Amino acid sequence: MLQSSTFNNSLLEWYHSNKRDLPWRRTSDPYKIWLSEVMLQQTQVITVIPYFTKFITKYPTLQHLADADEQALLKDWEGLGYYNRIRNFHSAVKDVKENYNAEVPDNPDEFFELKGVGPYIGGAVQSIAFNHLLAAVDGNVLRVMSRLNEDSRDMTKAGVQQSVKKEIEEIIPLEAGDFNQALMELGATICTPRTPKCIMCPVQEHCEAFKRNTVNNFPIKKKKTKKKEETYNVYFIVNDAQEIFIYKQEGDLLKGMYELPKYDVDTNIENIEEELDVRLDDKRIYIGSDKHVFTHKIWYMESYLLHTTSKNEYFVPVGEVHELPMSIAMKKIFRKFAADEFAEL
DNA sequence: CAGCCGTGGAA
DNA sequence: TTTCCAAGGCT
C-alpha cells in the first residue's frame, strides 16, 4: 500500500505546511546537518537545540571542530550524554579534514566509513545534505512503518530495522531528504508512542492499523532488561593547598569525563591510600547521598570529605574543577560539596 | 546478536 | 514509583 504516489504526496504536502522551524533546518551546510544528527541520537529535539546553537557558534566550520581540543569538546557536550558521540564525531571530522580536504563526502560509501556513522546517520546526512536516495530509519520511522503495515515483527532487532530501511528505499521519492524528515516529523508529532493523533494524520487512509483499530498494539518491541544497582562511596580528598583529588575516567562508561575517587562501600581506607598515593586523616565528614540513573544501571552514592597533607599530579585547585568536563552524576555530588563548609577541616 | 553507552521528560 | 523512550552506534 505504500507503493503509491498518493502516500508520498500526502506526506510531503503535510510536511511542507507543518514542519517546525528547527535550527538545523535553516542550513544547507553538510557539516552542520551532520552535527545535528549526531546530537539527535536518542536525544529529544528540545534538548538538542541549545547545544546545537552553542556548537555552531563556537565551531562554525568543520575545520574549527577538527582543530578543537577534545577536552574542550567534552566540556561543551557536558550534560548531553552518550559522550562517545562527540569523541567519534571529532575523530570523523579530523578524518574528513585530512583525507577529503575538509569537505563532507558527497558519497555514501565514503561517508559510511567514518567513525560514528551508522545506518541512520549515513542515510540522514546523505539524503538531507546531498539528496542521495537513502532511508533514515530511527525510532519514529520504525513506529510509523509498523503501524502503516501492521508489521508484527520485533522492531528492536537490527535485522528487522534493516528490512524496513530497504522497504522504504524501494518507494523513496526524489525529495529523499524531505521525505525522511517528513516520516520522522510525523512520528514525533502525530504518530506518537502514546495517544497518537490519528484524526490529524495526513496518511490515515494508508494505515492498516488505523483501519483495524489496532494502532495501540504497535510497534512490537522486546522488553528492556532491568537496571543493575551499584552502591559507591565517593571521596572529596582535599589538601592544605585547597586542592582536590580528581582524575579522568577510563573504561567505557563516561570515558574522558572527570570523576572523584569512587569505591565499593567495603573498600578499606588503607587500600585507597595505597592506590591513590595519599595519606588520609582519620576524620571524615559525611556530605550526602545521591542517586543517578543511567540507561542500564543505577548508582547510589554516599559522599565524604577527607583531609590529607599529601599532594601529587592528580590534585587540582578547588576553584578550577568547574573547568573540567564532568558527568551529571558527579555534578550532583559537587552541588552538595559547594554548599558545604569544607574549610572547617 | 545482545549488552553497553547518558540524561531528562512524560504518563 | 515505574516504565518508556528520544532523528542510534559500537563491540
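Just so you know, these numbers use all the heavy atoms, side chains as well, and skip hydrogens, waters and symmetry mates. Everything numeric in this text was worked out from a predicted model, so none of it was measured. Proteins come first, then strands; the chains are lettered A, B, ... in the order of their sequence lines, and each starts at number 1.
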Report which part of the nucleic acid [X] touches: base, sugar-phosphate, or nothing (heavy-atom distance under 4.0 Å, all strands).
X        : result
A:Lys331 : nothing
A:Arg87  : nothing
A:Lys224 : base
A:Gly159 : sugar-phosphate

*Go through residues 133-140 of chain A and report each residue with a non-hydrogen atom lying under 4.0 Å from DNA chain C, sorted by number.*
A:Asp138, A:Gly139, A:Asn140
Dump every N/O contact between nucleotides 7-11 of chain B and the protein below 3.5 Å, one line per pair.
| unit_1 | atom_1 | unit_2 | atom_2 | d |
| --- | --- | --- | --- | --- |
| B:dT7 | OP1 | A:Tyr83 | OH | 2.7 |
| B:dT7 | OP1 | A:Ile328 | N | 2.9 |
| B:dT7 | OP2 | A:His292 | NE2 | 2.7 |

*Pairwise salt bridge (charged side-chain N to carboxylate O under 4.0 Å, His left out) hits with a residue in residues 317-327 of chain A, at least two apart*: none
*Just grab all the salt bridge (charged side-chain N to carboxylate O under 4.0 Å, His left out) pairs involving residues 39-55 of chain A, residues at least two apart or on different chains.*
none
*Going 5' to 3' on DNA chain C, which nucleotide is the first and which the last to come under 4.0 Å of a heavy atom in chain A?*
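Result: C:dC4 to C:dC10.
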_salt_bridge(A:Arg153, A:Glu167) N-O dist < 4.0 Å_ = yes
*Indicate, yes or no, whether a donor-acceptor pair under 3.5 Å links the base of B:dG3 to the side chain of A:Thr225.*
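No, the side chain and the base share no sub-3.5 Å donor-acceptor pair.
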*Among all residues two or more places apart in sequence or in another chain, which pass the salt bridge (Lys or Arg N to Asp or Glu O under 4.0 Å) test with A:Glu78?*
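With sequence neighbours excluded, A:Glu78 shows a salt bridge (Lys or Arg N to Asp or Glu O under 4.0 Å) to A:Lys75, A:Lys331, given in chain and number order.
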*Separation of the P atoms in B:dC1 and C:dC10, to the nearest angstrom*: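 To the nearest whole Å, 15 Å.
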